[in-house]
Structures are given as C-alpha cells and as structure tokens.
Amino acid sequence: MPEKPSRFRDPTKQSMLLTALYIAQEQYGYLSEEAMERTAARLGLTLKDVYSTASFYTMFRTQPLGKYVIQVCEGLSCFLVGGAERLVDYISRKLNIQPGQTTPDGLFTLQTVQCLASCGTSPTLKVNDELYEDMTPDKVDRLLDQLAGR
Amino acid sequence: MPFERILLRNVDVPNSEKIGTYLERGGYQALRKALQEYTPDELIEIVKASKLRGRGGAGFPAGLKWGFMPKGDVTKYVCVNTDEGEPGTFKDRLLVERDPHQVIEGTIIASYAVGAHRAFVYIRGEFFMGVKRWIKAIADAYDHGFLGKNILGSGFDLDLSVHRGAGAYICGEETAMLNSLEGKRGEPRLKPPFPAQVGLYGQPTLVHNVETLANVPHIVLRGPEWYASIGTEQSTGPKIFCISGHVKRRGNYELPLGTPLRKIIFEHAGGMRDDRPLKAVIPGGASTPVLTPEYLDITMDFESLAKAGSMLGTGAIIVLDESTCMVDVARRLTKFFAHESCGRCTPCRVGTQRMLEILNRIEYGQGQEGDIDLLLSLCEGIAGRTFCPMGDAAVNPTLSTIKHFRDEYEYHIKHKRCPAA
Ligand SMILES: Cc1cc2nc3c(=O)[nH]c(=O)nc-3n(C[C@H](O)[C@H](O)[C@H](O)COP(=O)(O)O)c2cc1C
Ligand code: SF4
Ligand code: FES
C-alpha cells in the first residue's frame, strides 16, 4: 500500500493517536481492524500509520481479553520477595489458565508484565487499572473471590 | 542529626497531593520568586551554581542542559519524563502521586528559564493513579493562575498537558519519548542532534526526569549555595534512594548524595532480612553493574560509583542476600531488557535474546562448556554498537555477574544444576 508522504500528516492530529487508540479500545473492547480504520480516518492517517503505532505498545490489544486483566510483575525485586512466577503459578493453577490465556467464562486474563514501579512494596500485580501491592496467595484468593462476585 | 527531607517533605502529610496542602506548606513561593526576582538567564546561572545533576540515570548537569537551549523567539518545549519502569526504581511514582505540585512548580520555572510556552508530561500508561493525579493537579494549577496566560502577572505564558504512554519501557529514553509524544512508535532517534537542538516536532526541547524538576523550586527558594552544600563536591543535593530486595525495611529514603551504602542498607533500611549475610548489591537500578560486599563503604554519588565500575543510575538499590543465585539475577534482568528492546537495531534485539537463551540454559543445568565465553563475546558485540544506550545497559547484569561471580557460572555448567535451587 503506497504511503502518504509524512508532510501531509498533521503532526498535531498524529499526536492524538495514543489517546484516540485508548478511546477506541475502550469502545470496542480491543483494537479491531474496524476500530483502527476509524481512528485513522478521524486523524487523517493511514491504517498503516495507526497499526504501526498500535502494535508497538503492549497496552494496546488486537484481540478481546477477559473482563479482568491480571498482570503479575515478574521483575527482579518482586521475585526476591516471593513474587514473579511463584505468584503467576499460583494464579495460573487457581484459574486453570496459562499466562496469556483467558478463562472460558471471559472473566479473567492472566499476563506477566515487567516492573510496575512498586518494587518497595512487592510482590505486585495489577488488575485493569488498579495496583495491588505486598501480594500473598491469601490476598490473591480474596481478590479473585471479590472480583468473581463470590 | 537525621537529614531533613526536602523532596519528600510533603509525601506523608494527609492530602499531600492537593494544591491547598501544597500552598499551606509554602508551595509556589519559588515560582513567584523566580518570576518576580530573576530573569531567565539568571535562573539558568542559579541552577548551574547549584550543580544539580539529572536524576533520570545519566547525571548530566541540569544547568548546562538549560544553557544548551537556544535563546530567542523560537518555539521550544519542555517534557517531564514520568516513564519510570526499570526494576528497582519507584521514586517518581511516589513524587507524582503524592506531591505533583512540587514537580509542576519545577516545570514552570524550568520552562520560564528556557523560554518554552508549551510543556508536556509524558507518563507511562501503567500509572493510572499518576495520570489522574497529574490531570487534577494541572487543572488546579490553572485555576490558581500558575499555568496559562500571564502567570502571576509576569507576562509569561505556559500550557502544560498530560500525555499517556501505552506500555513500553524504551519510551523513557528521551528521544523515544519524543516519538511517542508525536503519536509514533516509541523508537529512539539517533543522537546527535540532542533534543535541546532538535526535539519535539523538530524544535528545541528540554527533557527532565520528575525528581530533577522537583529539586528546582528548592534551589530557587533557598539558593544554590545552600543546595550545593548538600552532598559531595560533584554530586550535590538530596537523592531519593529506592531500596528493594532482601532488607528489613524496603522503601524510598531521601538522603544527601554521598551517603555511605552501608549506612543506607544497615541503618535506614534496617539491615538484612532475617539477618542473612549480604551477597551483592545492584546500586542504581537494573542497568547498573552489581557490586560485592567489599564495596559496602562506598559513598552513593555519581563519581564514587563510576570509580567502582558501576553507576549511580536512578539510585535504585537492590539488595541480594546469600541465598540468591547470581546467574538467575543476570537471567531475570536480561529477560527484562530482551522484552523491552524496541527491536530497531540487531545487536540489541537479537543479542539480548541470544544472551537470554544461554542464561536460561545455564540456570536450568543445561549449560555447555564455552557458554561463559559465548556470553562475553555477545556482550562485546552489543555494548557500544547499538542505536541507543539501552544496548550498553542490557549487558551490564551479565558482564558484572561474570566478573564478580564467575565461579557460580562455572558451578552451574560443571554440575549441571543451580546450587541455590
Ligand atoms: C533505555 C532508557 C530508558 C530510560 N528511562 C527513563 C525513565 O524512565 N525516566 C527518566 O527520567 N529517564 C529515563 N532515561 C533517561 C532519559 O533518556 C533522559 O536522559 C532523562 O529523562 C533526562 O532527564 P534528567 O536530565 O533530568 O536526568 C532512560 C534512558 C534510557 C537509555
Ligand atoms: S539499543 Fe535496543 S532499545 Fe535502543 S534502539 Fe536499539 S533495539 Fe531499540
Ligand atoms: S520489580 Fe516488580 S514492581 Fe518493580
């Protein structure tokens, strides 16, 4: 696909791209091709521009995920105090999914992430936008129960 | 006498993030003083005299950087780097969540000094609370006339807004951050030209770390001589040290630069967890070479750490006790860098993956004769041969653990197992 030369792009509009992608992701649940096409049209960009940016950032998803996305930090400081894969394994067994997978009921997706800048209160994990610090298996149990509405 | 906190003086006060609290505690007086009593050039001289050095990792003199910004009527920008995400570092999040106005005040003063009328906060996408705090604080600063047109009647205008990243550690590198601000892939740009010459939208841009900017109001208010009297000759001022790992009291400790490492670990952080012996320390964040206990009496400042073959970095101290496997440490940190490589250049993209494969197999007892040399030659092929400084950072964990703990690597390979497992 021939690309428009960059001088035809409006830099102010292109700067809105990350924000626009967040909005589209919120509306569609994930960045479907349709969502990216609409974003491109709105900002006067090509689909290629949009895809190129969207695919670079880990927080943009091109497929639907669970209602609650659990992201466990696997950084060194979290590992040193009993986190990282120890916590991932625990959640993995409990939900019966591997990292990267979603529970069949669509409730939980499990992911691993790098440092969440909470290394002094590790082990840490995030559920959607919420940060949880000093996590233990007990706290994980309670959190998952609460999220599942049990 | 305990050190009187400067940057963290507000963080434990209730509602410390609110503008009312900040004002009650003397906030925005430095801005008033800067605008009313000093010309922009005088402010640059003040910051030069304070010898403030950047807290984002490299320690570059801030006043010098301000001086590099061209004078006169060109469009210039200021960017606040809130992309913190290197394992071990958690100070900027604290500053932004608990005392955002201190950083805003520093940003306004810096913008006035370099003649920028537009400033951006770049914050990593994961910091949801931080985004909310930034947005609220900026709105309140506008309402009080600290941002917008004719700030405090000075005739100086400044707009400040928040730009949320979306999950990419490399966007903390200043030129990658500029690309991300422009809505592009967050890949670094070749330097030179440096952002102070050609930055955001091709215009001169001053990029600073959150902690660096938080120092600025105090320098203006209390004077550069006072500031320079804290710390050492070449590393002045207070520093927030983030301590994590095997200590009793992890957390952020604000202390003068030049505080002995031993004191930070054994007094402030309460010593080793379960009183196990200390095995190694990563002194400045994931990218800084590890040190052994012989270095415990080192002072934590830019020059001492450089002399010891490491770096002050972000001041993120990761403490490791004797139960820690150093091959595993290298493997985990290398995994971080391999994961975060932006992929733009081959030595970093492929090299870190290759290193990770080898480190994995050594750790899991499948290491082969010659693997250590292979790792060393990979490091040599990466360091100094990449587009941005991340390549150099990525080899440090492996190089320094081989240097100080080669016997552990050899044990893994010879006995086909991890002695710590
Ligand atoms: C791979 C990489 C990641 C970086 N990440 C950050 C970061 O998260 N925050 C930051 O302030 N500086 C980061 N830096 C340093 C910036 O490039 C830049 O030097 C700094 O923001 C300048 O601010 P200072 O002069 O106040 O230190 C990073 C550098 C590299 C090479
Ligand atoms: S060194 Fe790594 S992070 Fe830096 S530009 Fe090259 S691939 Fe990207
Ligand atoms: S290493 Fe897990 S929060 Fe930093």
Side-chain angles (χ1 to χ4, degrees), chain A residues 6 9-23 25 31 39 43 45 49-61 71 73-85 111-124 126-131 133-134, chain B residues 84-94 120 124-132 163-171 180-187 200-202 242-246 249-252 273 282 286 316 318-321 324 328-329 332-333 335-336 339-340 342-343 397:
Chain A
S6 62
R9 293 190 201 116
D10 178 345
T12 342
K13 281 192 178 167
Q14 181 153 10
S15 294
M16 299 293 293
L17 182 51
L18 267 62
T19 308
L21 287 172
Y22 271 120
I23 295 169
Q25 179 160 285
L31 294 177
T39 308
L43 298 180
L45 301 169
D49 293 333
V50 172
Y51 184 77
S52 160
T53 294
S55 61
F56 185 82
Y57 298 92
T58 57
M59 289 177 72
F60 295 133
R61 44 177 97 136
Q71 300 183 310
C73 174
E74 58 173 6
L76 179 63
S77 301
C78 282
F79 163 74
L80 292 173
V81 294
E85 61 264 46
Q111 295 178 338
T112 57
V113 288
Q114 302 300 319
C115 181
L116 293 169
S118 313
C119 330
T121 44
S122 53
T124 50
K126 262 182 78 199
V127 180
N128 297 349
D129 288 327
E130 209 67 47
L131 179 71
E133 297 162 275
D134 288 314
Chain B
E84 182 170 69
E86 182 165 313
T89 312
F90 48 96
K91 62 188 177 68
D92 298 340
R93 189 169 74 85
L94 177 74
F120 296 90
R124 68 181 282 207
E126 290 90 341
F127 285 180
F128 194 66
M129 167 78 92
V131 173
K132 287 200 286 195
H163 191 101
R164 188 180 177 200
Y169 163 74
I170 193 59
C171 289
S180 187
L181 275 165
E182 292 179 11
K184 300 172 184 160
R185 296 168 70 83
E187 286 170 355
L200 191 61
Y201 309 119
C242 319
I243 308 187
S244 66
H246 296 143
R249 290 194 300 267
R250 299 173 291 154
N252 279 309
R273 200 183 60 176
I282 299 172
I318 308 176
V319 181
L320 308 168
D321 72 18
T324 318
D328 195 33
V329 167
R332 287 172 186 278
L333 295 177
K335 187 172 177 192
F336 167 76
H339 184 272
E340 298 298 336
C342 83

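Residue numbering restarts at 1 for every chain, and letters A, B, ... go by the order of the sequence lines. Everything numeric here is computed off the predicted structure, so don't read it as measured data.
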(message) One thing to verify: whether E133(A) and R250(B) come together as a salt bridge, which I'm taking to mean a side-chain N less than 4.0 angstrom from a carboxylate O.
(response) no
(request) Say whether, by atom type as modelled, one donor and one acceptor occur between the side chain of S15(A) and the main chain of L181(B) under 3.5 angstrom. (result) yes
(message) Once ring pair (Phe, Tyr, Trp, His ring centres under 6.0 Å) is applied, do any residues pair with F127(B), and if so which ones, sequence neighbours excluded?
(response) none
(request) Would you mind checking which part of Q25(A) comes under 4.5 Å of any heavy atom in chain B, side chain (CB onward), backbone (N, CA, C, O), both or neither? (result) neither
(request) To the nearest 0.5 angstrom, please state how far the CD atom of E340(B) sits from the OG1 atom of T58(A). (result) 7.0 Å
(message) I'd like to check E182(B) versus Q14(A) (side-chain heavy atoms, cut-off strictly below 4.5 Å). Are they in contact?
(response) no
(message) Could you measure the distance from the CZ atom of R332(B) to the CD atom of E85(A)? Nearest 0.5 Å is fine.
(response) 4.0 Å
(request) Heavy-atom distances under 4.5 Å only: say whether C342(B) touches chain A with side chain, backbone, both or neither. (result) both
(request) Could you tell me whether the side chain of L18(A) reaches within less than 4.5 Å of the side chain of S180(B), counting heavy atoms only? (result) yes
(request) Using a cut-off of under 4.5 Å on heavy-atom pairs, state which of C119(A), S118(A), S122(A) scores highest against chain B. (result) C119(A)
(message) Looking at every non-hydrogen atom in both residues, tell me the closest pair between R185(B) and S55(A) and how far apart they are.
(response) NH1-OG, 3.5 Å
(request) Would you mind checking which part of L333(B) comes under 4.5 Å of any heavy atom in chain A, side chain (CB onward), backbone (N, CA, C, O), both or neither? (result) side chain
(message) Just to verify, what does Y22(A) make a ring pair (Phe, Tyr, Trp, His ring centres under 6.0 Å) with, not counting sequence neighbours?
(response) F60(A)
(message) Less than 4.5 Å to any heavy atom of chain A: does that hold for the side chain of R249(B), its backbone, both, or neither?
(response) neither
(request) Among the options K13(A), K126(A), Q71(A), E130(A), pick out the one with the most heavy-atom pairs lying under 4.5 Å from chain B. (result) K126(A)
(request) Could you tell me which portion of A20(A) (side chain, backbone, both or neither) has an atom closer than 4.5 angstrom to a non-hydrogen atom of chain B? (result) neither
(request) Look at R164(B), H339(B), E187(B), K184(B) and state which one has the largest set of heavy-atom pairs under 4.5 Å with chain A. (result) R164(B)
(message) Give me the atom names and distance for the closest heavy-atom approach of A168(B) to F56(A).
(response) CB-CE2, 3.9 Å
(message) Using every non-hydrogen atom in the two residues, find where C115(A) and G85(B) come nearest and quote the distance to one decimal.
(response) CB-O, 3.4 Å
(message) At a 4.5 Å cut-off on heavy atoms, which part of D328(B) comes close to chain A: side chain, backbone, both, or neither?
(response) side chain
(message) Is V131(B) close to chain A through its backbone or its side chain, or both, or neither, when contacts mean heavy atoms under 4.5 Å?
(response) neither
(message) Could you tell me if the side chain of V81(A) sits less than 4.5 Å from the side chain of R273(B), heavy atoms only?
(response) yes
(message) Out of G165(B), G245(B), A286(B), return the one with the most heavy atom pairs under 4.5 angstrom to chain A.
(response) G165(B)
(request) Specify which of L116(A), D129(A), L17(A) makes the most heavy-atom pairs with chain B at under 4.5 Å. (result) D129(A)
(request) Answer with side chain, backbone, both or neither: which region of L131(A) has an atom nearer than 4.5 Å to a non-hydrogen atom of chain B? (result) side chain
(request) Answer with side chain, backbone, both or neither: which region of F336(B) has an atom nearer than 4.5 Å to a non-hydrogen atom of chain A? (result) both
(request) Nearest 0.5 Å please: distance from the CG atom of L76(A) over to the CD1 atom of I318(B). (result) 5.0 Å
(request) Go through the atoms of I170(B) and report whether side chain, backbone, both or neither lie under 4.5 Å from a heavy atom of chain A. (result) side chain
(request) Would you confirm whether Y57(A), through its side chain, and G186(B), through its main-chain N or O, come within 3.5 Å as a donor-acceptor pair? (result) yes
